[in-house]
Amino acid sequence: MGNTNYCLMMPRNEFNRTIACELLVNGLHQLDIPAKMNERHDIVIDDKKVSGSAYKIANHRAYHHGTMLIDTDLELVQRTLEPSKRVLDGGGIHSVRSQVTNLRQYSFTVDHTSFVEEITHQFGKKYGHQPLVEIDDGILNEPKIKDIMETMQTREWLLGQTPPFKQQIQVQGHSIVLSVRKAIVVQIDAPTLPHTHKKSLEILLDVPYESIPKLLEQSNSDFLLEIKNKF
């Protein structure tokens, strides 16, 4: 894949977002890579992002996780992140689009191993060196791990916490608004739509959002098939 995923875990009272990012920046400096942290706590080189992070505080623990672009197919990243043409309104905070680059643009020798070794060293300098524990696939057979993996494959885990949002669709000159909660369609508003079309839309009520295209594809209605093209 050309990228390395990392996660820093520590006690909540020791966590500091800036310090965690500086640890990564210091490690990259030791690899002769001129990285710095911007105001959004992204790791950047020449104002191009090489790593973005997310954070979670849970009970007495803090997690800082992210992805470091080492030798990634940047064209594939661009295509994958291309915004959907669907009109969605979730009322949330819009993400900030950034140019990205690879560490390999600044070092011919950096790779997954050298990055991991240097960040491990920086973490040890800051929080104390401890024996390294390498985890192999055998851990997947541990009962607690298996339970967690099974939970993380359920729809409730994957989509059940999706924030409420609305999708607006324009069909035959009419506006249709789907209200979605926990990735389930809970309301459909189409005030100018003919009554027969309104009735046909009721098949979408209480339907999982991700199932809509397949459901519409099975319809014999030209109107519903036209809506399918909006997904």
Side-chain angles (χ1 to χ4, degrees), residues 1 3 5-9 12 15 17 20 40-42 49 51-69 72 76-98 100 140 144-171 174-191 193 197-219 221 223-231:
M1 295 292 289
N3 60 275
N5 297 323
Y6 59 86
C7 182
L8 307 177
M9 297 177 286
R12 180 174 185 166
F15 176 71
R17 184 181 299 188
R40 296 191 301 274
H41 293 86
D42 297 325
K49 187 158 66 172
S51 180
S53 301
Y55 309 86
K56 180 177 182 179
I57 306 293
N59 298 323
H60 301 294
R61 303 179 185 87
Y63 305 87
H64 167 185
H65 58 92
T67 298
M68 184 63 66
L69 300 178
T72 302
L76 177 59
V77 171
Q78 182 67 31
R79 292 198 302 271
T80 303
L81 298 179
E82 194 68 31
S84 169
K85 294 181 180 180
R86 287 177 283 180
V87 181
L88 302 178
D89 179 14
I93 299 174
H94 293 287
S95 61
V96 178
R97 293 178 64 84
S98 305
V100 296
L140 302 180
K144 288 185 177 180
I145 300 298
K146 291 177 71 173
D147 287 345
I148 292 172
M149 290 180 61
E150 289 175 2
T151 297
M152 294 177 71
Q153 293 176 36
T154 63
R155 185 186 187 280
E156 175 61 27
W157 173 269
L158 295 172
L159 299 173
Q161 302 303 312
T162 302
F165 68 91
K166 295 183 179 181
Q167 177 175 356
Q168 182 176 352
I169 302 169
Q170 293 292 332
V171 181
H174 300 280
S175 177
I176 302 170
V177 178
L178 305 182
S179 297
V180 183
R181 242 181 235 113
K182 295 185 177 181
I184 301 288
V185 179
V186 296
Q187 184 175 327
I188 303 174
D189 294 303
L193 206 61
H197 287 342
K198 285 184 180 180
K199 291 295 292 184
S200 65
L201 281 176
E202 290 179 0
I203 67 168
L204 300 182
L205 281 173
D206 300 321
V207 167
Y209 182 78
E210 72 277 12
S211 300
I212 291 177
K214 185 175 181 179
L215 180 64
L216 293 175
E217 189 174 356
Q218 297 170 349
S219 170
S221 165
F223 173 69
L224 293 180
L225 289 174
E226 186 174 347
I227 292 178
K228 174 187 172 294
N229 296 327
K230 304 296 182 178
F231 288 83

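Small disclaimer: the values here were computed from a predicted structure and weren't measured.
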**Q** Considering non-hydrogen atoms only, spot the tightest contact between Ala62 and Ile57 and give its length.
**A**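 Taking Ala62 first and Ile57 second, the nearest heavy atoms are CB-CD1, 3.6 Å.
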**Q** Sequence neighbours left out, what passes side-chain hydrogen bond (donor to acceptor under 3.5 Å, both in side chains) with Ser53? Give chain and number order.
**A**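 Result, side-chain hydrogen bond (donor to acceptor under 3.5 Å, both in side chains) vs Ser53: Tyr6, His64.
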**Q** Evaluate the side-chain proximity of Arg155 to Glu210: yes if any heavy-atom separation is below 4.5 Å, no if none is.
**A**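 Counting from C-beta outward, Glu210 and Arg155 do come under 4.5 Å.
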**Q** Find the distance between CE (Met152) and CH2 (Trp157) and round it off to the nearest 0.5 Å.
**A** 5.0 Å
**Q** Assess whether atom CD of Gln170 is packed by more than 12 heavy atoms of other residues, nucleotides or ligands within 6.0 Å.
**A** yes
**Q** I'd like to know if Lys199 pairs up with Glu202 as an ion pair, taking the criterion as any Lys NZ or Arg NE/NH1/NH2 lying under 4.0 Å from an Asp or Glu carboxylate oxygen.
**A**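 Yes, this pair counts.
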**Q** Using a 4.5 Å cut-off on heavy atoms from C-beta on, say whether the side chain of Val100 contacts that of Thr72.
**A** no
**Q** To check you understand the geometry: which heavy-atom pair defines the closest contact between Ile176 and Ala190, and what is its length?
**A** CG1-CB, 4.0 Å
**Q** Quick one: CD1 on Ile184 to CG on Leu159, what's the gap to the nearest 0.5 Å?
**A** 8.5 Å
**Q** Taking all heavy atoms of Met149 and all of Leu140, pick out the closest pair and write down the distance.
**A**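 That closest heavy-atom pairing would be SD-CD2, 3.6 Å.
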**Q** What's the separation between atom CG in Leu158 and atom OG1 in Thr151, rounded to the nearest 0.5 Å?
**A**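 The OG1 atom of Thr151 is 10.5 Å from CG of Leu158, to the nearest 0.5 Å.
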**Q** Let me confirm one number: the CD-OH distance from Gln167 to Tyr209, rounded to the nearest 0.5 Å.
**A**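 Atom-to-atom, Gln167:CD and Tyr209:OH are 3.5 Å apart.
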**Q** For a 4.5 angstrom cut-off between non-hydrogen side-chain atoms, does Asn3 reach Val77?
**A** no
**Q** Search all heavy atoms of Pro191 against all heavy atoms of Ser175 and return the closest pair with its distance.
**A**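 Closest approach of Pro191 to Ser175, heavy atoms only: CD-O, 4.4 Å.
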**Q** Measure the spacing between CG of Asp189 and CG of Leu201 and express it to the nearest 0.5 Å.
**A**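 It comes to 11.0 Å.
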**Q** At what distance, to the nearest 0.5 angstrom, does CG of Leu204 lie from CD of Gln187?
**A**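 Output value for this atom pair is 13.5 Å.
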**Q** When you look at NZ of Lys198, are more than 12 heavy atoms from neighbouring residues, nucleotides or ligands closer to it than 6.0 Å?
**A** yes
**Q** Can you name the closest pair of heavy atoms from Ile203 and Val207 and give their distance?
**A** O-CG2, 3.1 Å
**Q** Hey, is the main chain of Lys182 close enough, under 3.5 Å, to the side chain of Thr162 for a donor-acceptor pair?
**A**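 Flag not set: sc Thr162 to bb Lys182 has no pair under 3.5 Å.
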**Q** With sequence neighbours left out, what residues match Arg61 under side-chain hydrogen bond (donor to acceptor under 3.5 Å, both in side chains)?
**A**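 For Arg61 there are no side-chain hydrogen bond (donor to acceptor under 3.5 Å, both in side chains) partners, ignoring immediate neighbours.
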**Q** Taking all heavy atoms of Leu224 and all of Ser219, pick out the closest pair and write down the distance.
**A**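 Looking at all heavy atoms of both residues, the closest pair is CD1-OG, 3.3 Å.
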